[in-house]
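Here's the structure we're looking at; comments come further down.
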Amino acid sequence: MGLVGGLIGFGVGLPLGIAVAYLVYLRFFAPRRRLQDPIVRPLRDLDSETLQTTIPDIPLWVKCPDYERVDWINKFIFDMWPFLDKAICNTIRSVIRPTFDQYVGQYGIKSIEFGHLTLGALPPTFQGIKVYEMREKELVIEPVIRWASIANVIVKVKVHSFQVSAQLLDLHIVLTPRVTLKPLVPSFPCFANLCVSLMEKPRIDFGFKLLGGDVMAIPGLHQFVQEQISKQIANLYHWPKLIQIPILDEASGATKKPVGILHVKVIRAMNLLKMDLLGKSDPYVKVGLSGEKLPSKKTSIKMSNLNPEWNEHFRFIVKDPETQILELRMFDWEKVKMHDKLGMQVVPLRLLTPYESKLFTLDLLKSMDPNDPHNKKNRGKLVVELTFDPFRDDSNSTIVMSDGEGNVSVKRDVPPSGGLLLVSVENAEDVEGKRHTNPYAVVHFRGERKETKVIKKTRDPRWNEEFQFMVDEAPVDDKIHIEVISKRRGLRLPFRNKESLGHVDINLVDVVNNGRINEKYHLINSRNGTIHVEMKWSTWRFEPITIKYRGPWFSWVVWVGDAKGVGPGQWQAQTQSGWADGQCCKLEATNQPINHP
């Protein structure tokens, strides 16, 4: 037993003694890092060898002409740093505190707290900033950040009756991040998301002391830790990987995009109030969608009629079917005085099922206040039909459903269907008039004309205005005409009030096929003028077809129109014996059954 005990004691005591001896060496005898003030000397006083070694430390705005010098930002950060240091440290304490509390009570840990926390007196500096000019609605910035801090962070951990301290100091960081602000929107802070990625592998250096000894003085450990930290950070955030920070809520109207079309059919009204002296009314309906700044649309006026019929159609662009509501207001037309209000009603769009028409018979109310006593009065009824058609996803496929009784319902998208064309006129460059340059853009499409605002006295106007065109057929054979015009401001003369600065005709077939284009175009009849236009095309229409068959003749796969080589208006289905197409069974008409003989 004595021999075994001696061997065990020797095996445990030897490494323990070596560890204690090494810690004593690190604490009292190892060379310590000493920070010294840098020696500033003019470049002309340095020899060639010294110049060669200082090239990596030269700011990028000196070496690369596309990097901008930003001394004013560094000056601002330097003056604010004493306050930023305290604010950042307080934030770190409040954020890390719950994490520390999770370990208290485990592994014999009684407490974890910061003994000292400061980022030092030296702030990070920007060595240069590069800004990219993008055609998209985004801003891309690449700063080069260097931070040679004298940070001092001490964490004290009390385990049983012992206290262990760990110290982080002399943190040096060099980063080249790419910061992308996108998309740019007209709501403060004017961008919806902040995306950050690293363009180069970061360089990180720091000192770390445990129980007062400099752990980084262990041979080989310092370089290994540096490489591992840089590698892990690069794996997480090196471009094209990025971290995205949402700034604006997706529910914000500035970040919402059109998702579909609302078809409104105002059919009729019944038993309206008598507003005129002769016991009649001259009703019309104003139809609008909440959350839109566009003016409401109006039906025609039915003179002297208490039970009018309109059967008029309207279309609205929907951005959020869960929250938007359709507003219907009926008025009695008056030739002289203000139009009298006959009643109103609203329909939430969440009540609609996509692609299905729904009929509503609405009781007209005085107001939408449930406590309004005037709502008890009978004001008549309004009948409307609503259909919500979401935009088609390019990745969708034909939908096949069976009711188990021999009927197969097929929903498919028709290529030449209607849709929404969004035209965004961003800006123009180098446009110049002979007499005046107050440019605005005019968009012509299928008889519709829409204009941007006028920008005074500039050759590089920026409009950033979007126009919407709803069409019944895809504009594959159409062109859109955009002209830049200068308008005289101030004194108006009977001649030369307007002057064309150039125009462009854009074929829309690429927009329909690709869904989106974003290009700059040279203006015709302009020396150097260009215009930046973005266009998007979204379709919404789906056409249901029912195939009726006897017995288990059809299998589950059905293609209709422009799929599997099937032409428009034709159909094709898989059967037990092979493929059947339009030659085997007759397609009577759209939405009509196909009977197998």
Side-chain angles (χ1 to χ4, degrees), residues 253 256 258 260-352 357-389 420 447-451 467-470 472:
K256 285 191 174 297
I261 298 292
L262 176 66
H263 301 266
V264 180
K265 181 180 179 181
V266 181
I267 301 176
R268 70 177 69 88
M270 301 168 290
N271 303 323
L272 299 180
L273 294 179
K274 302 174 182 179
M275 305 299 292
D276 297 339
L277 295 177
L278 300 179
K280 297 288 184 179
S281 293
D282 306 322
Y284 70 92
V285 182
K286 295 181 70 174
V287 187
L289 200 60
S290 65
E292 294 292 333
K293 298 180 180 180
L294 299 176
S296 301
K297 300 180 180 181
K298 296 191 297 183
T299 65
S300 59
I301 301 172
K302 300 297 182 181
M303 305 299 293
S304 302
N305 198 335
L306 298 181
N307 298 281
E309 289 195 14
W310 288 282
N311 291 314
E312 297 182 13
H313 296 78
F314 305 95
R315 290 180 297 193
F316 297 90
I317 298 173
V318 178
K319 294 183 178 180
D320 187 1
E322 293 297 322
T323 61
Q324 286 186 288
I325 60 175
L326 179 70
E327 300 174 347
L328 302 158
R329 303 176 187 272
M330 187 176 294
F331 294 89
D332 174 43
W333 180 83
E334 297 290 345
K335 188 174 183 179
V336 180
K337 62 178 183 178
M338 292 184 61
H339 301 180
D340 297 324
K341 186 176 180 180
L342 291 175
M344 67 173 298
Q345 192 54 270
V346 298
V347 180
L349 299 192
R350 64 175 179 271
L351 301 179
L352 303 178
S357 299
K358 190 170 184 179
L359 196 68
F360 291 87
T361 301
L362 307 172
D363 293 321
L364 295 174
L365 304 175
K366 175 69 175 178
S367 68
M368 298 311 300
D369 184 3
N371 299 321
D372 191 347
H374 297 92
N375 289 337
K376 298 180 180 180
K377 184 178 180 180
N378 184 15
R379 296 177 172 272
K381 298 179 181 294
L382 177 64
V383 181
V384 296
E385 184 182 74
L386 307 180
T387 307
F388 173 55
D389 289 340
L420 173 68
E448 293 188 62
R449 172 190 170 97
K450 298 187 177 182
E451 299 181 0
F467 304 109
Q468 303 167 348
F469 300 93
M470 286 183 285
D472 294 325

State whether the number of non-hydrogen atoms from other residues, nucleotides or ligands found under 6.0 Å of Lys366 atom NZ is greater than 12.
-> no
Side chains of His374 and Ser367 in contact at under 4.5 Å (non-hydrogen atoms) | no
Whether Asn375 side chain and Asp369 backbone form a donor-acceptor pair below 3.5 Å | yes
Determine, step by step, whether Arg268 and Asn307 satisfy the side-chain contact (heavy atoms from CB on, under 4.5 Å) criterion, reporting the C-alpha distance in whole Å, the side-chain angles of both residues, the deciding distance to 0.1 Å, and the verdict.
-> CA-CA 7 Å; Arg268 70 177 69 88; Asn307 298 281; over 6 Å; no
Yes or no on side-chain contact (heavy atoms from CB on, under 4.5 Å) for Lys381 and Asn271, after CA distance, side-chain angles and deciding distance?
-> CA-CA 7 Å; Lys381 298 179 181 294; Asn271 303 323; 6.0 Å; no
How long is the span from the CD atom in Glu451 to the CZ atom in Arg449, to the nearest 0.5 Å?
-> 4.0 Å
After noting the C-alpha distance and the side-chain angles of Leu262 and Gln324, does the key distance pass the side-chain contact (heavy atoms from CB on, under 4.5 Å) rule?
-> CA-CA 11 Å; Leu262 176 66; Gln324 286 186 288; over 6 Å; no
Distance col, row Leu289:CG vs Arg315:CZ, nearest 0.5 angstrom, shows 14.5 Å
Review item, side-chain donor-acceptor pairs of residues 325-333, under 3.5 Å, at least two apart:
| from | atom 1 | to | atom 2 | distance (Å) |
| --- | --- | --- | --- | --- |
| Asp332 | OD1 | Asp282 | N | 2.6 |

Counting only N and O atoms by type, is there a donor-acceptor contact under 3.5 Å from the side chain of His313 to the main-chain atoms of Lys265?
-> no
Please say whether more than 12 non-hydrogen atoms of neighbouring residues, nucleotides or ligands are located less than 6.0 Å from NZ in Lys297.
-> yes
Side-chain contact test, heavy atoms from C-beta onward, threshold under 4.5 Å: evaluate it for Leu272 versus Pro308 and give yes or no.
-> yes
Qualifying residue, where the test is side-chain hydrogen bond (donor to acceptor under 3.5 Å, both in side chains) with Tyr284 and the options are His339, Lys298, Lys302 | His339
Would you find a donor on one side and an acceptor on the other, under 3.5 Å apart, between the side chain of Gln345 and the backbone of Asp363?
-> yes
So how far is it from Met344 CE to Leu365 CG, rounded to the nearest 0.5 Å?
-> 8.0 Å
Heavy-atom closest pair, residues Ala269 and Leu382 | CB-CD1, 4.2 Å
How far does CD of Gln468 sit from CD of Glu448, to the nearest 0.5 angstrom?
-> 11.0 Å
Criterion side-chain contact (heavy atoms from CB on, under 4.5 Å) on Ile267 and Leu359, from CA distance to verdict | CA-CA 10 Å; Ile267 301 176; Leu359 196 68; 3.4 Å; yes
Lys377 side, atom NZ; Leu364 side, atom CG - distance, nearest 0.5 Å | 12.5 Å
With a cut-off of 6.0 Å (strictly less than), are more than 12 heavy atoms of other residues, nucleotides or ligands near NZ of Lys450?
-> yes
How about Asp389 and Val318: do any of their side-chain heavy atoms sit closer than 4.5 Å?
-> no
Determine the minimum heavy-atom distance between Thr299 and Glu312, stating which atoms define it.
-> CA-OE1, 3.2 Å
Minimum side-chain heavy-atom gap Pro283-Trp310 below 4.5 Å | yes
Minimum side-chain heavy-atom gap Glu334-Asp340 below 4.5 Å = yes
How many angstroms lie between atom CD1 of Ile261 and atom CG of Leu420, to the nearest 0.5 angstrom?
-> 5.0 Å
Look at the side chain of Glu385 and the backbone N and O of Ser357, then say whether any donor-acceptor pair between them is shorter than 3.5 Å.
-> no
